[in-house]
Structures are given as structure tokens and as C-alpha cells.
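Just follow the structure's listing: the first ligand is 1, and inside any ligand the first atom is 1. Atoms considered below: every heavy atom in the structure, side chains included; atoms not considered: hydrogens, waters and symmetry mates.
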Amino acid sequence: MIIRDNLEQVQHKIRQAARRSGRDESSIQLLGVTKYASDEEVQELFDAGLGVFGENRIQDATKRIERFPDAKWHFIGSLQTNKVRFCEPFDLIHSLDRWSLAEALNARAKQWGKLQGVLIQVNVAGEASKSGLDTSEVKSFTQRVLLDCPNLQVRGIMTMAPFVEAEETRPIFRETKRIYDSLQQELGVCWDTLSMGMTNDFEVAIEEGATLVRIGSALFAKEDKDE
Ligand SMILES: *Cc1c(COP(=O)(O)O)cnc(C)c1O
């Protein structure tokens, strides 16, 4: 029952954050990040009505997808080019961050006869430890993907904020939203996914315009807060 309660709490917080910023809660999708979870816990979440999950390692993801074929799966971790062949089951890959990966994914997607959904990962905070394109490269990179990768469908961008106090992430999310809007305008495209916000900072991310939050710990934590 803990998982169900956690899910309800997260959904409640999503709703509140949406309201605070005058947004419709239905414009925000919750992605359950299952990397810390057992299969039993994933099953509980699925039974409670959550149907879209993310993993950040290909091997773990492949096993999970076999066990939960009726859920939808996203890939959110950094992706090695030689692992691209395992990516067919993913509805969306959040971590397109370099040209060699775009080429490899496009070639595979063509073989699969699939239009592969991708997000461009942008390192807005400029942290050396994080992957993602530099903000100065995003536009030309995206243009190149749009032109030369007919089997990739760019659906938006993804970013990770530094692990700091939630409120301190706000400028990063605000800047990411600005980039998301201006790229669509400059490139003449229409996207549906701005993936930002995790357990630590999803409420701020929603206030700043996230359309998808990636949440792990808050769903699976074994509640040890005092009530
Ligand atoms: C693990 C992970 C998350 C979820 O993190 P939590 O803090 O547990 O919510 C989100 N996005 C990515 C890319 C991750 O690797």
C-alpha cells in the first residue's frame, strides 16, 4: 500500500504545482523511474494505474520490458552507440546528445520500420559531470537531426538540474523552457515534451513549464517520515 500512497502523494503535488502556475494538470505526464524498484513494486504501481516507466540502463530495461510488456517504456540514461540495437521497444529516448548516436539510432529505426521518438538532452546547467549538448550547440544539432535523420522524431528536450535545493534549480528550468520555446519557433516545429524535474525538484520544474517529470525515489521510498 505504500507504493499506492506514494503515487497519490506525487500526483497530488503535481496537481498543486500545476494549479500554482495556472496550468492544466493533464498537460503534465508522470514517468515512473523504476531503477531502484523491485518487480513487485513496479507491478504495484502498474496496478495502481501508472503505465509509463523509465529505466536508465539498457540491460535492466530489457529485463523489465520483458516482464511488463503492457507498460510503455522510455529510456532516460546515457546511451552507448553499441547499445542502440536494443532500443526498439522504447517509445521515447530522452538522451540524444551527440551526432554519432543520432546516426546509429536513425539507421536502426529505419531497419525496424519505425519512427523513433527522441528528446535532445541539453546540459543547461553546464555541469561537467552531466551529459547533454551545450546550449550553444543545440540549435544546429537539432537542425541536422531534422534534416538528416528521417526515422527520428524529435519531440522536445530533456535536461537534468544540479542536485541542489529545489528552489535553486528554478533558473535552470526557466532557461530550459525558454530554449524549448525558442527552438520550436526558430525551427518551425511543434513539440510536445519538455522532460525536466525529478523527486528533488519536480514541483519547481512544473511551475517552470515541464510537461513530463521523471520520478523514482518519491514513488518507491519506504516512507520513514514521521506523520
Ligand atoms: C534516476 C533518474 C531519475 C529519477 O530520480 P529520482 O531522484 O529518484 O526521482 C530521473 N531522471 C534520470 C535521468 C535518472 O537517471
Side-chain angles (χ1 to χ4, degrees), residues 2-3 5-14 17 28-39 41-42 44-45 48 50-65 71-80 83 86-87 90-98 101 117-133 155-170 172-173 176-177 180 193-225:
I2 288 170
I3 301 268
D5 293 346
N6 289 350
L7 177 61
E8 270 174 27
Q9 263 191 27
V10 168
Q11 285 168 332
H12 178 72
K13 287 180 178 169
I14 290 174
I28 299 144
Q29 185 180 18
L30 168 59
L31 181 75
V33 176
T34 52
K35 67 188 183 202
Y36 316 111
S38 66
D39 285 340
E41 291 172 318
V42 178
E44 253 189 84
L45 260 190
L50 192 63
V52 194
F53 300 108
E55 282 278 349
N56 70 336
R57 291 198 171 148
I58 285 288
Q59 253 189 323
D60 298 340
T62 304
K63 281 189 212 147
R64 276 276 152 73
I65 293 169
K72 290 192 183 237
W73 289 90
H74 290 191
F75 189 75
I76 61 173
S78 57
L79 185 54
Q80 289 170 265
K83 299 280 168 64
F86 302 112
C87 287
F90 296 113
D91 277 330
L92 188 61
I93 294 168
H94 290 227
S95 45
L96 179 58
D97 62 355
R98 60 193 189 281
L101 182 59
V118 294
L119 303 179
I120 313 273
Q121 185 173 351
V122 188
N123 187 2
V124 178
E127 286 183 290
S129 62
K130 294 254 162 71
S131 38
L133 287 155
R155 289 183 43 194
I157 63 182
M158 181 273 233
T159 202
M160 289 177 83
F163 191 74
V164 292
E165 283 291 311
E167 194 51 43
E168 287 177 44
T169 62
R170 191 178 295 281
I172 301 294
F173 293 141
T176 309
K177 166 71 168 155
Y180 177 74
T193 307
L194 177 54
S195 167
M196 59 185 194
M198 311 175 18
T199 292
N200 181 52
D201 52 25
F202 70 95
E203 293 166 273
V204 178
I206 289 169
E207 289 168 10
E208 296 300 330
T211 71
L212 183 154
V213 291
R214 309 178 307 267
I215 299 189
S217 326
L219 293 172
F220 298 107
K222 304 274 185 288
E223 208 54 58
D224 58 355
K225 276 180 269 169

Report task. Considering the heavy atoms of I215, write down every atom of ligand 1 situated less than 4.0 Å from one of them. Result -> 9 (O)
Query raised in the report: Which ligand 1 atoms does N56 reach within 4.0 Å, using its non-hydrogen atoms?
Result: 15 (O)
Expected output: side-chain [X] to main-chain [Y] donor-acceptor under 3.5 Å:
{"X": "D97", "Y": "S78", "answer": "no"}
{"X": "T211", "Y": "L194", "answer": "yes"}
{"X": "S38", "Y": "E41", "answer": "yes"}

Query raised in the report: Would you say G216 and ligand 1 have an N/O pair spaced under 3.5 Å apart?
Result: yes
**Report entry** Trace of the side chain to side chain contact (heavy atoms under 4.5 Å, CB included) decision for I206 with F173
**Finding:** CA-CA 9 Å; I206 289 169; F173 293 141; over 6 Å; no
Tell me: protein heavy atom nearest [atom], and distance?
{"atom": "atom 9 (O) of ligand 1", "value": "T199 OG1, 2.5 Å"}
{"atom": "atom 8 (O) of ligand 1", "value": "S217 OG, 2.5 Å"}
{"atom": "atom 12 (C) of ligand 1", "value": "I76 CD1, 3.5 Å"}

**Report entry** Option with minimal heavy-atom separation from atom 2 (C) of ligand 1, where the choices are K35, R214, M198, M160
**Finding:** K35
Query raised in the report: For ligand 1, is there an atom lying under 4.0 Å from some heavy atom of N200?
Result: no
Query raised in the report: Do any heavy atoms of Y36 fall under 4.0 Å from ligand 1?
Result: yes
Query - Modelled atom types, side-chain donor and acceptor of Q121 and S95, under 3.5 Å - result: no
Query raised in the report: Are D39 and R64 close enough for a salt bridge, meaning some N to O gap below 4.0 Å?
Result: yes
Query - Validation row: I3, L219 side chains within 4.5 angstrom (heavy atoms) - result: no
